[in-house]
Each structure stands twice: as structure tokens, then as C-alpha cells.
Amino acid sequence: MAVDRYDARASEPKWQKIWDDSQVFRSETDPSRPKYYVLEMFPYPSGKIHIGHGRNYVMGDVVARYRRACGFNVMHPMGWDAFGLPAENAAIERGVHPEAWTRENIATMKSQLKLLGLSLDWDREVATCDADYYKHQQKMFIDFERLGLAYRKESEVNWDPVENCVLANEQVIDGRGWRSGALVEKRHLPQWAFKITAYADDLLETLSGLDRWPDKVRLMQTNWIGRSEGLTFSFALETEDGTPFDERLTVYTTRHDTIFGASFCAVSPDHPLIGRLAKDRPDLDAFRREFDALGTSEEVIERTEKRGLETGLYAVHPFRPGVRLPVYAANFVLMGYGEGAIFGCPAHDQRDLDFARKYGLDVIPVVAPEGTDPAVFDVEDDAFLDKDAGSVRMINSDFLDGMTVAEAKDAIASRFEANGAGKRAVNYRLRDWGISRQRYWGCPIPMIHCDVCGIVPVPDADLPVRLPEDVVFGEAGNPLEHHPTWKYVDCPSCGKPAVRETDTMDTFVDSSWYFARFCSPKSDDLPVERADVDYWLPVDQYIGGVEHAILHLLYARFFTRAMRDAGYVGLAEPFAGLFTQGMITHETYRTEEGWQFPEDVTRHEDGRVTLADGTAVSVGSAEKMSKSKRNVVSPESLVDTYGVDAARWFMLSDTPPERDSEWTQAGIEGAWRLVQRIWRTVNEATARGAERSTSIPTDLDDTAHAMRRATHVAISQITDDIERLRFNVAIAHLYELVNTLAASLANERDPTAALGWAWREAAETLVLLAAPMVPHLAEECWTISGGDGLVVNQSWPEADPALLEQNTITLPVQVNGKKRDELTIARSADTRQIEAAVLELDGVRRALGEKTPRKVIVVPERIVNVVA
RNA sequence: GCGGGCGUGGUGGAAUCGGUAGACACAAGGGACUUAAAAUCCCUCGCUCCUAGAGCAUGCGGGUUCAAGUCCCGCCGCCCGCACCA
């Protein structure tokens with residue numbers, strides 16, 4: 001019956017249909033069985049997918065199929081992060097409705113994903129733009145508001161004065177609005193925010209328990225939360241002529257030990273004190289406005305020169321009688337951190353030093369390496385930092401002299417706490433999460449503004465607040481704001497005319513709980529059913545790009561806590577295991593006409609040319625696959641030529657999964673050859689091996705034993721590789737098993753019964769071990785070899801420990817640390833026997849020559865080293 | 001600037017604990033089969049010396065150890081994250 005080629009094009013759709021028809025990937029809540037929840041970050045439906053999008057789904061699929069085989073009740077769902085700005089841009093540019101555009105993209109991408117043969121439970125599919133989804137989100141928003149976790153906050157926004165609307169940071173280019181080109185201003189507007197800072201400590205502390213997360217991601221989150229311990233205290237202020245001022249200046253510092261080195265204070269231009277002084281000071285007012293005109297883009301702030309302007313006020317030094325510090329308004333002080341005001345100690349902070357040099361202020365060193373003479377120690381161009389020296393002591397600091405930094409901090413903090421002018425304080429870099437967006441294509445915020453009652457939540461019975469369909473795009477501002485009727489409602493509380501909130505939620509809100517919704521995708525009354533989330537959550541293995549290491553993952557962790565406090569779930573951490581995969585890259589091709597698709601380019605002599613007319617193509621380095629550079633490969637083109645199994649194999653081969661991997665023609669061809677090789681090898685082993693019904697031969701000859709051993713070593717290694725998500729190594733070990741089986745088939749023309757049985761075992765095991773990576777091929781091979789049922793319903797093979805052990809072992813033998821020979825000896829041999837045997841070896845004798853061995857080191861079952 | 005990671009053949013990369021460096025694959029070269037091609041199979045493949053064998057090799061320089069890609073110290077280079085955070 002043997003045909004000489006595996007026909008992926010015929011085989012793949014056939015098996016996909018069989019899986020679909022038998023609903024093997026459906027999952028049900030079933031507390032009697034152990035569960036395993038595998039999730040890849042759900043996609044934004046931007047149009048078409050290319051193979052660069054496929055890598056994380058394939059990795060997740062390997063895990064899902066493997067866990068299924070291990071007996072877990074596996075949930076592996078898929079959905080769509082469907083709200084977002086690109087849909088609105090499409091509406092403006094092409095006149096399509098955002099919803100129509102989004103739905104069409106979902107349909108396209110769903111059919112493309114199906115080509116990949118993923119073991120997904122499509123019954124659980126959700127799209128965040130479904131009213132059935134976002135109505136629950138609105139309900140939870142109202143719950144959070146009630147709990148104080150959602151609130152109105154004056155926030156800095158980028159304001160486009162021509163379009164009269166708020167811009168996201170990405171929409172500000174070189175300080176100008178992306179569409180209007182107008183200079184962007186900083187404005188303060190009331191915006192909705194989530195109180196993520198309420199959980200700052202918990203979010204930080206729990207990180208250390210997330211031991212199946214990459215260290216890198218945990219560190220990034222730690223830095224993002226940015227906890228610091230310091231002191232908040234206030235200075236008395238006075239004017240130039242020494243008249244006391246009627247306000248004190250409160251600052252936050254982590255370096256209160258350096259208080260004796262203070263030579264100035266600086267406050268943010270947004271500080272209320274500046275607002276007050278600016279009334280009589282046109283120059284201060286101008287400085288303040290100039291600062292606001294910068295916008296909120298960090299890039300702009302970064303490039304701006306550090307400048308200060310004297311306020312005319314002086315801070316009275318708390319410990320140095322008669323000393324007063326000039327107070328500046330400074331553009332590098334942020335209103336949003338600490339108190340929006342600092343004291344500067346130039347000797348021990350580079351930024352303060354630069355500022356002091358610029359404005360001619362004192363530089364007083366107060367910390368010096370232990371044993372330094374204070375009279376000699378000085379600071380020139382570089383501030384002196386603790387870490388520059390091993391052990392340091394306070395100098396020039398009165399009652400602090402001779403103390404360590406920690407002792408000095410403690411002494412100062414205690415003094416301030418004693419006299420009530422200050423107290424120890426913890427600060428976070430983390431800010432509350434502003435979620436208001438002035439856009440149409442997002443989840444409406446379910447609030448109503450009433451002149452009489454204030455802000456009133458939409459009653460449950462009126463949820464969802466649906467987006468209106470008849471909107472006009474392209475005008476300045478938010479289409480919801482312009483809609484003729486949508487925002488006008490009666491106040492649910494007093495019945496008088498009122499207006500709806502027209503802001504929609506940040507799309508990060510949508511993706512902060514979809515993993516929970518997958519547990520109860522059809523639930524109508526509640527966002528999630530408690531029995532379902534209690535069973536399925538947390539996600540056991542979450543897979544996605546490292547670009548989401550901070551925001552998405554932190555928001556999801558916050559949202560899960562908020563859901564817990566609102567009574568919807570019983571846990572705080574949504575993702576027990578996290579894996580961040582690398583991207584797929586591809587060379588870029590370019591002619592004078594512009595970027596070229598790889599499929600339009602071919603090799604020609606020593607370069608590349610276009611297929612169409614042979615124009616020379618310049619080849620660029622491998623970069624992330626992207627539509628704009630056209631260095632993409634479509635799943636459709638692969639399915640037609642190589643089959644999706646070859647593509648899956650290639651995506652998992654060679655490169656460690658967390659690293660970027662380059663897509664090449666040679667690579668996909670190599671994967672295709674491997675698919676064919678497995679198919680041929682299994683065919684031959686089936687034809688020449690034992691019958692399926694024969695039982696294990698009791699008497700194994702050496703060759704058969706070696707074959708069985710190779711099979712069971714492979715089981716052990718590959719199981720371990722997949723457990724640890726080292727797919728590239730799993731694939732190398734699969735190659736080894738294929739190579740061993742193929743070589744045995746080629747070398748043994750006349751197999752014993754035992755070897756025939758070992759071949760058969762090897763072939764069937766190979767199929768089961770390869771199945772998570774190449775599932776269609778595995779089904780086809782399983783059928784050929786007469787297996788019952790489907791591979792997807794088979795159990796994962798188990799290694800026989802007896803076969804992993806060996807009676808004789810071969811030890812490398814070194815002389816003075818260099819390998820000179822090998823010793824094959826009984827595993828049971830003791831150290832004394834090994835020592836004796838080693839000294840008889842030719843290689844050892846040659847290497848020793850005249851020298852006498854002084855010592856023989858035997859590391860059991862590893863290595864022997866003769867020291868001479 | 002701060003924090004983290006990485007550096008191994010022509011290439012992607014292996015090497016749980018310090019214990020045979022280069023598994024596995026790609027590329028390249030040679031051969032078999034074939035009228036020919038494709039496919040397949042076999043051989044070679046870190047560098048140096050003519051081979052047996054030996055010497056040198058995991059960015060560079062030191063150190064610890066019987067033994068270092070792995071641990072320690074100092075450089076060099078690349079990548080990532082954060083960035084006026086007081």
C-alpha cells in the first residue's frame with residue numbers, strides 16, 4: 001500500500017474535520033478531574049495573520065495536546081481583543097463601520113487560525129466588542145466605583161487645541177498632534193481611573209511567589225511599581241528680606257541623611273505654590289505655561305534642558321541656624337511623584353550637582369569613604385554615590401558625623417517625627433490607571449452626569465449601555481460626544497434631563513478579565529460563574545509576547561483582585577505560569593519600487609531578483625515580520641506547499657522559544673523533509689516490525705535492547721523537555737529517535753522477533769511523542785500502523801525505568817584534567833576497582849609517561865580523573 | 001544614568017549539579033543510485049601540525065579547583081527594560 005510521499009494537503013483538512021466532528025477539544029467544568037488551563041494572549045483582529053503571529057499559538061498547542069495526553073481536563077480557548085483605535089482609523093480612512101471592519105477581520109483570522117490545526121475549544125470564543133461581554137464589564141465598573149476602586153481624577157492629558165480632543169502619547173509626534181499638526185498642550189481634565197495603587201504592596205509582595213514566571217518579568221514589574229522608603233517633611237519659608245511666609249514647603253526624600261549638604265529646594269512648575277506666586281510674577285507664569293506646552297510625552301521631557309527659576313522664597317534649614325536655601329521652580333521636578341518638591345544635595349546626586357553648577361550654588365560633601373579627612377574630601381564633576389565606595393561615613397554633618405548612612409537616616413527621621421515636622425513615608429512610582437478614552441470603539445463607561453444628583457451609575461436593568469451604530473467619523477473629537485441623541489438621558493435618580501458619560505474604557509480593561517470569562521463564556525447574569533472560575537482558574541500556562549510584561553499583566557493582576565473584592569472570584573493571581581515567547585523575523589527585500597514580499601522574490605546566481613521581471617533586490621537584515629515591510633509569510637502559502645505540520649515543526653525547531661527566530665526557506669524545507677522522513681520510517685517499521693498483537697518478548701538480544709533503550713530514553717527526555725517548554729531541545733531528541741530507528745531499519749536486514757517488536761514500539765512511541773508538534777502527521781501514521789482510535793485520545797507514553805539503566809557504563813578518563821581514554825566497566829564496580837582498571841588503560845599510560853599517579857578522583861557514574 | 005540579560009564552529013544552537021565542549025539541525029564539500037534530474041542514502045565538516053597522535057579552542061585578561069562554557073574579580077562588545085522618581 002505504501003505510497004512514497006505523505007500528502008499533507010489531503011491529510012490535514014481530513015484530520016481537522018474529524019477532530020471538529022468528534023468535538024475532542026471541547027472542555028467542561030468537571031471537578032472530578034484535574035484541570036489544566038492553557039492560554040495564549042488573544043489577538044487584536046487587525047486584518048490577516050501571518051506566520052509571525054502563529055508561534056505562540058503553536059507553543060500553546062503543544063502544551064495543550066501534551067497535557068491532554070497526560071490525562072488532564074484541558075481548556076484551551078480563543079477569542080478576540082476586538083475594541084481599539086485601528087478600527088476607528090479604518091472607518092475614517094475607508095468609510096467602513098468599525099464593527100463591520102472588526103467582524104470581517106475576525107472571520108478572516110478565525111479561518112486562518114483553523115488552518116494551523118490548533119486544539120482549540122471554539123465553543124468558548126468571545127469578542128470583547130460583543131455586548132454580551134462588555135455589559136459585564138460595565139457592571140463590574142459600577143461595582144468597582146462603589147468599592148472606591150474606580151474614581152474621577154484630575155489627570156494630565158495631551159490636548160490638541162485644533163481638534164479639541166485628547167491624544168494618546170502615541171498620537172503625539174514631535175510635540176504635535178498627529179492629524180492636525182498643532183502644538184500639543186498639557187491640560188488637566190477629570191478622567192476615570194482605577195485605584196491600582198490600593199494594591200501596590202500586595203502586587204509587589206506576591207510577585208516573589210510567582211515562581212513559574214520569568215525572573216525578568218517579575219523584575220520589570222517590581223521596578224514599575226517602584227517602591228521607595230523615605231521621609232516626608234516640611235521647611236519653614238521666608239522671603240528675601242527674612243519675613244516669614246505663611247506656608248510651609250513639604251518635600252519627599254530618600255536621602256534625608258544628606259540634609260546637611262542641602263543647598264537649594266526645587267518645586268514642580270505645576271506645584272500649587274507656583275500657581276499662587278505666578279499671579280504677581282509674569283516670568284514665573286510664563287515658565288509655568290511653557291512647561292505645560294511640552295505635553296506629557298516622556299520623549300519630549302527627556303530632551304528638554306533642565307532649568308530653574310528663582311521664586312524669591314527661601315527655605316529655612318532645620319538644623320543649620322541662619323542657613324537658608326533658595327527655592328526654585330524647576331522643570332525636572334514632577335508634580336505626580338512624592339510631594340512635587342525636593343531639596344537638592346548637589347554633592348551626592350548628579351542632577352542636583354549639574355543644577356548647582358549652573359546656578360552657582362554650594363556643593364557640600366556630607367558622605368565620604370571611611371577614614372577620609374573631611375577637610376580634603378571634595379566633589380568635582382561627578383557626584384559621590386555610596387556605591388562608589390565600600391564603606392562610608394557622614395562628615396560635615398554636626399550630630400551625624402561618623403555615622404553610617406543608615407544610622408544618619410534613622411537619626412534624622414526620628415528628630416522630625418519627634419517634633420512633628422515630618423514622618424517616614426513609602427512612595428510608589430506606580431500611578432493609578434487612567435482608563436478614560438475619548439473614542440467611539442470601546443466599552444462605554446456606564447455613568448450619567450446629572451446637574452442635581454451628580455454622577456449616577458446606570459441601573460443594572462439598563463445595562464448594557466450599547467454603542468450607537470449611526471455615528472459619524474472624521475470630525476474632530478469623540479463621535480459619541482457629537483451623536484445627536486445618544487448621550488441625552490433622564491437621570492436614573494431624579495428623572496431630570498442628564499447626560500451620559502461619553503468616554504469609553506481603555507482597551508486594556510477588556511483584556512484584564514477575558515481569561516476569567518473563558519471559564520463561563522455563556523453566563524448571562526454574571527461575568528463569571530463561581531463554580532467555573534473556582535475550577536479553572538488560575539491559568540496554568542499563559543503564553544504571550546514580552547511586550548505585555550508590564551501593563552497587561554499588571555492590569556490583569558489588579559483586575560483579578562478587584563473582582564475578588566467584588567465577590568466574583570476567590571483568588572488574586574490569575575496566571576500561575578507565564579511564558580514570554582520570541583518573535584519570528586524574516587529578511588527584508590527591497591527594490592526601487594519599495595518593499596517586496598518574500599514570495600515575489602527568488603534566488604538568482606549570487607543575488608536575489610523579483611519573480612515578475614528579474615529586477616535586482618537588495619536584501620536587508622532579519623526583522624520582526626510586519627505588514628509595512630512586507631517580510632511576511634502567509635499561512636495559506638505554507639499549507640499549499642509544505643503543510644502546516646512542517647510549519648509548526650520549523651517554528652519549534654532550533655531556536656529556544658523565548659528568543660527571536662528567523663524564518664527561512666531552507667528551514668521550512670528541512671522541516672518538510674523531516675515530516676516525510678517520519679512518515680517513511682513509520683511505514684517501514686510497520687511493514688517490517690512485529691504484529692501489533694504480539695506481546696513483549698522476554699528475551700531481548702543486544703540490538704533489540706539498544707533499540708528499546710533508545711525509545712525509552714527518548715520518552716524520558718522529550719517529556720522533560722516539553723514540561724520545561726524547551727521545544728527546540730525536544731525536537732533535537734525526536735530527531736535522535738528517528739535517526740536511531742531509521743539506522744536500525746537500514747542495518748538489520750534480518751531482524752530477530754525481539755528487534756521487530758522493538759521497531760514497532762519505537763515507531764508507535766515516535767508517533768505519540770511527535771503528536772503535539774505535528775498532530776496531523778501523527779494521526780496519519782497512527783492509522784497506517786493500525787492504531788485504534790485517534791492519537792488525540794491516546795495516553796502519553798511512559799518510560800520504563802528498567803530500560804533507562806545500564807549494566808555497563810562508559811566513563812571518560814582524564815589525566816590532569818584532559819580526556820585521554822574511556823573505561824567501560826560494570827555499573828556495580830566500586831571505586832577501588834575503577835582506580836585499578838583506569839591505570840591499565842593505554843591512553844592513561846601514554847599520557848602518564850614517566851610520571852607516577854598521585855591521586856585518582858572517581859566521580860561515580862560521571863568521570864575519572866588521574867592526577868599526576 | 002539606573003536595572004537586567006547575553007557573548008560557544010560558516011549558521012541556528014546543545015551541554016540540570018563545575019565533570020567527554022560542539023548534541024540536533026542548517027549551510028558547504030565529496031560519493032552512491034539514476035540516461036538525466038528530483039527524491040533518498042553514505043562520508044567529511046572548530047582551528048593548527050603530514051598521520052597514529054598531539055597542541056590550541058566557549059569575547060579579552062586574571063583567579064579558585066583534581067577539573068571551569070558553567071564559580072569569583074577586572075575589562076570589551078551586543079541586546080532588553082526603565083528613565084528628570086528626589
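Order of the sequence lines fixes the chain letters, A, B, ..., with proteins taken first and strands second; residue numbering starts at 1 for each chain.
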Enquirer: Donor-acceptor pair, A:Asn631 side chain versus A:Ala622 backbone, under 3.5 Å?
Expert: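 The answer is no, because no donor-acceptor pair under 3.5 Å joins these two groups.
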Enquirer: In the strands shown, is B:G3 matched to any nucleotide by a Watson-Crick or G-U wobble pair with both distances under 3.5 Å, and which?
Expert: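 When the pairing criteria are applied, B:C80 turns out to be the nucleotide that pairs with B:G3.
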Enquirer: Under 4.0 angstrom, heavy atoms only, what part of the nucleic acid is A:Tyr252 near: base, sugar-phosphate, or nothing?
Expert: base
Enquirer: Judged by each residue's nearest nucleotide on RNA chain B, which is more toward the 5′ side, A:Gly670 or A:Gly843?
Expert: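 It is A:Gly670, whose closest nucleotide lies nearer the 5' terminus.
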Enquirer: Distance alone, cut at 3.5 Å: any donor-acceptor contact between the side chains of A:Ser228 and A:Tyr337?
Expert: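 Yes, A:Tyr337 and A:Ser228 have a side-chain donor paired with an acceptor closer than 3.5 Å.
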Enquirer: Expressed in whole Å, how much space separates the P atoms belonging to B:C6 and B:G13?
Expert: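 The answer is 14 Å between these two P atoms.
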Enquirer: Taking any strand in view, what nucleotide pairs with B:G61 in a Watson-Crick or G-U wobble way, both distances under 3.5 Å?
Expert: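 For B:G61, the partner nucleotide comes out as B:C73, under the 3.5 Å rule.
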Enquirer: State which of B:C66, B:A54, B:A15 makes the closest approach to the side chain of A:Ile857.
Expert: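 The listed nucleotide nearest to A:Ile857's side chain is B:C66.
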Enquirer: Rounding to an integer number of angstrom, what distance separates B:C71 and B:U58 when you compare their P atoms?
Expert: 15 Å
Enquirer: Report yes or no: is the cationic atom of A:Arg429 (NZ for Lys, CZ for Arg) closer than 6.0 Å to the six-membered ring centre of A:Trp224, at no more than 45° off its axis?
Expert: yes
Enquirer: If we take the C1' atom in both B:G77 and B:G30, what is their distance in whole Å?
Expert: 38 Å
Enquirer: Does A:Glu290 pair with A:Arg307 as a salt bridge, N-O distance under 4.0 Å?
Expert: yes
Enquirer: Check every atom of B:A14, B:G81, B:C24 against the side chain of A:Met220 and return the nucleotide holding the closest atom.
Expert: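 Of B:A14, B:G81, B:C24, B:G81 is nearest to the side chain of A:Met220.
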Enquirer: When we call it a touch if two heavy atoms are under 4.0 Å apart, what does A:Arg307 touch: a base, just sugar-phosphate, or nothing?
Expert: nothing
Enquirer: Under a 3.5 Å cut-off for both distances, is B:C41 Watson-Crick or wobble paired, and to whom?
Expert: B:G31
Enquirer: Should B:G81 be called syn or anti, with syn set as within 90° of 0?
Expert: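 Anti.
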Enquirer: Taking any heavy-atom pair under 4.0 Å as a contact, classify A:Asn427: base, sugar-phosphate, or nothing.
Expert: nothing
Enquirer: Look only at the side chain of A:Asp821 and the backbone of A:Gly843, and say whether a donor-acceptor pair between them is shorter than 3.5 Å.
Expert: yes
Enquirer: Applying a 4.0 Å non-hydrogen cut-off, can you work out what A:Thr655 is touching in the nucleic acid: base, sugar-phosphate, or nothing?
Expert: sugar-phosphate
Enquirer: With a 4.0 Å cut-off on heavy atoms, is A:Arg677 in touch with a base, just the backbone sugar-phosphate, or nothing at all?
Expert: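 The answer is sugar-phosphate, as A:Arg677 gets under 4.0 Å only of primed atoms, P, OP1 or OP2.
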Enquirer: Using the P atom on both, measure B:G19 against B:A67 and round to a whole Å.
Expert: 14 Å
Enquirer: Can you identify which nucleotide, out of B:G19, B:C24, B:A15, has its nearest atom closest to the A:Ile863 side chain?
Expert: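 Of the candidates, B:G19 comes closest.
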Enquirer: Give one of base, sugar-phosphate or nothing for A:Leu219, where a contact means two heavy atoms less than 4.0 Å apart.
Expert: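 The residue A:Leu219 makes sugar-phosphate contact but no base contact.
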Enquirer: Whole angstrom is fine here: how far is it from CZ in A:Arg255 over to P in B:A86?
Expert: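 So the CZ-P distance, A:Arg255 to B:A86, works out to 11 Å.
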Enquirer: Base, sugar-phosphate alone, or nothing: which one does A:Val546 contact when heavy atoms must sit under 4.0 Å apart?
Expert: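 Result for A:Val546 = nothing.
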Enquirer: So that I can tick it off, tell me whether A:Asp211 and A:Arg218 are bridged by a salt bridge, with the cut-off set at under 4.0 angstrom between side-chain N and carboxylate O.
Expert: no
Enquirer: Checking contacts here: which listed nucleotide (B:C66, B:U20, B:A86) is nearest the side-chain heavy atoms of A:Asn865?
Expert: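 Looking only at heavy atoms from C-beta outward on A:Asn865, the closest nucleotide is B:C66.
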Enquirer: Determine whether a donor-acceptor pair (one donor, one acceptor, N or O, separation below 3.5 Å) exists between the side chain of A:Arg862 and the base of B:C17.
Expert: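 Indeed, a donor on one side and an acceptor on the other fall under 3.5 Å apart.
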Enquirer: Choose from B:G19, B:A83, B:U40 the nucleotide whose nearest atom is closest to any side-chain atom of A:Arg429.
Expert: B:A83
Enquirer: Expressed as a whole number of Å, how far does the P atom of B:C26 sit from that of B:C41?
Expert: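 Rounded to whole Å, the distance is 11 Å.
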Enquirer: Please state the C1' separation for the pair B:U11 and B:A27 - nearest whole angstrom.
Expert: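 Those two atoms are separated by 7 Å.
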Enquirer: Taking any heavy-atom pair under 4.0 Å as a contact, classify A:Asn728: base, sugar-phosphate, or nothing.
Expert: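 The answer is sugar-phosphate, as A:Asn728 gets under 4.0 Å only of primed atoms, P, OP1 or OP2.
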Enquirer: Between A:Ala666 and A:Val859, who's closer to the 5' end of RNA chain B by nearest nucleotide?
Expert: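 The residue mapped nearer the 5' terminus is A:Val859.
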Enquirer: Looking only at atom P, what distance separates B:U8 and B:A15, rounded to whole Å?
Expert: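 The answer is 15 Å between these two P atoms.
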Enquirer: For the P atoms, the ones on B:G46 and on B:C24, what distance do you get once it is rounded to whole angstrom?
Expert: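 13 Å, rounded to whole Å.
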Enquirer: Does A:Arg673 get its side chain close enough to the base of B:C26, under 3.5 Å, for a donor-acceptor pair?
Expert: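 Flag unset: no donor-acceptor pair detected.
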Enquirer: Of A:Phe233, A:Phe260, A:Phe235, which is the lone residue that meets ring pair (Phe, Tyr, Trp, His ring centres under 6.0 Å) with A:His317?
Expert: A:Phe260
Enquirer: When all nucleic acid strands are considered with a 4.0 Å heavy-atom cut-off, which category describes A:Glu662: base, sugar-phosphate, or nothing?
Expert: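 Contact class for A:Glu662: none.
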